[in-house]
Participant: 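Questions regarding the structure given below will be posed in turn.
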Amino acid sequence: GVKQSDKKAIELYEMAAKGGQATAQYSLGFYYHNGSHGLTQSYTRAIELYTLAAEQGHASAQYSLGLMYGKGEGVDQSHSKAREWFTKAAAQGNEDAIRVLKSMDEAGL
């Protein structure tokens, strides 16, 4: 019923994220991580937003932070921090995090 607008969508996500809404923080983090929806790619901003959501228990944000620490995207690479975030996500049933933890165990990381 409304005209599609990335700009307007981002404005609304920003408002919700500033209000502490974890899913909005995660979504914006994802958009910055990938440089989508008209946003310039920024690992720094993605880390900030993922962290806000992850600290509220958002499993997908926890998993995404684990990936960024594991790859060293926007942060110093740290397998221990990656494992910490993957473990939190896995504890909530995040299948991707469970799979990555198994791989890390097999690789001795």
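Excluded from the calculations below are hydrogen atoms, water molecules and symmetry mates; all remaining heavy atoms, backbone and side chain alike, are included.
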Participant: Does one hydrophobic cluster hold both M104 and L65, with members joined at side-chain heavy-atom distances below 4.5 Å?
Facilitator: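 Different clusters: M104 never reaches L65 through Ile, Leu, Val, Met, Phe, Trp or Tyr contacts under 4.5 Å.
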
Participant: Only counting residues at least two apart or in another chain, list the ones meeting side-chain hydrogen bond (donor to acceptor under 3.5 Å, both in side chains) with S78.
Facilitator: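 Scan of S78 (side-chain hydrogen bond (donor to acceptor under 3.5 Å, both in side chains), adjacent residues dropped) gives S80.
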
Participant: Using every non-hydrogen atom in the two residues, find where A90 and I98 come nearest and quote the distance to one decimal.
Facilitator: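 Between these two residues, the closest heavy atoms are CB-CG1, 3.6 Å.
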
Participant: Are W85 and Y63 packed together at the side-chain level, in the sense that at least one heavy-atom pair is separated by less than 4.5 angstrom?
Facilitator: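 A side-chain contact is absent here, since even the closest heavy-atom pair is not under 4.5 Å.
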
Participant: Hey, are K102 and D105 close enough for a salt bridge, meaning a charged N less than 4.0 Å from a carboxylate O?
Facilitator: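 D105 and K102: not salt-bridged.
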
Participant: Work out which heavy atom in D6 is nearest to a heavy atom in G38; give both atom names and the distance.
Facilitator: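 Looking at all heavy atoms of both residues, the shortest contact is OD2-N, 4.3 Å.
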
Participant: Quick one: side-chain hydrogen bond (donor to acceptor under 3.5 Å, both in side chains) partners of E55, sequence neighbours excluded?
Facilitator: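 Checked E55 against side-chain hydrogen bond (donor to acceptor under 3.5 Å, both in side chains); zero matches.
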
Participant: Just to verify, what does E11 make a side chain to side chain contact (heavy atoms under 4.5 Å, CB included) with, not counting sequence neighbours?
Facilitator: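 So E11 forms a side chain to side chain contact (heavy atoms under 4.5 Å, CB included) with K7, K8.
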
Participant: So does N34 get a backbone contact from the side chain of Q41, meaning a donor-acceptor N/O pair under 3.5 Å?
Facilitator: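 Side chain of Q41 to backbone of N34: no pair is present.
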
Participant: What salt bridge (Lys or Arg N to Asp or Glu O under 4.0 Å) pairs are there with at least one residue in residues 84-93, not counting sequence neighbours?
Facilitator: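 Those involving residues 84-93 are E84-K88.
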
Participant: Could you tell me whether the side chain of L67 reaches within less than 4.5 Å of the side chain of F86, counting heavy atoms only?
Facilitator: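 A side-chain contact exists here, since the closest heavy-atom pair is under 4.5 Å.
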
Participant: Can you pull the salt bridge (Lys or Arg N to Asp or Glu O under 4.0 Å) pairs that have at least one residue in residues 28-54, sequence neighbours excluded?
Facilitator: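 Listed by first then second residue: E14-R45, R45-E48.
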
Participant: Any heavy-atom pair between the side chains of M68 and I47 that's under 4.5 Å?
Facilitator: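 Side chain of I47 against side chain of M68, heavy atoms only: contact under 4.5 Å found.
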
Participant: Give the cluster check for V100 versus L109: same hydrophobic cluster or not, with ILVMFWY residues linked at side-chain heavy-atom distances below 4.5 Å.
Facilitator: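 Same hydrophobic cluster.
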
Participant: Show every donor-acceptor pair shorter than 3.5 Å between a side-chain atom in residues 19-33 and any protein atom, with sequence neighbours excluded, or say none if there are none.
Facilitator:
residue : atom : partner : partner atom : Å
Q21     : OE1  : T23     : N            : 2.9
Q21     : OE1  : A24     : N            : 2.7
Q25     : OE1  : A53     : N            : 3.4
Q25     : OE1  : Q56     : NE2          : 2.7
Q25     : NE2  : A17     : O            : 3.1
S27     : OG   : T23     : O            : 3.0
H33     : ND1  : Y50     : OH           : 3.2
H33     : NE2  : E73     : OE1          : 2.8

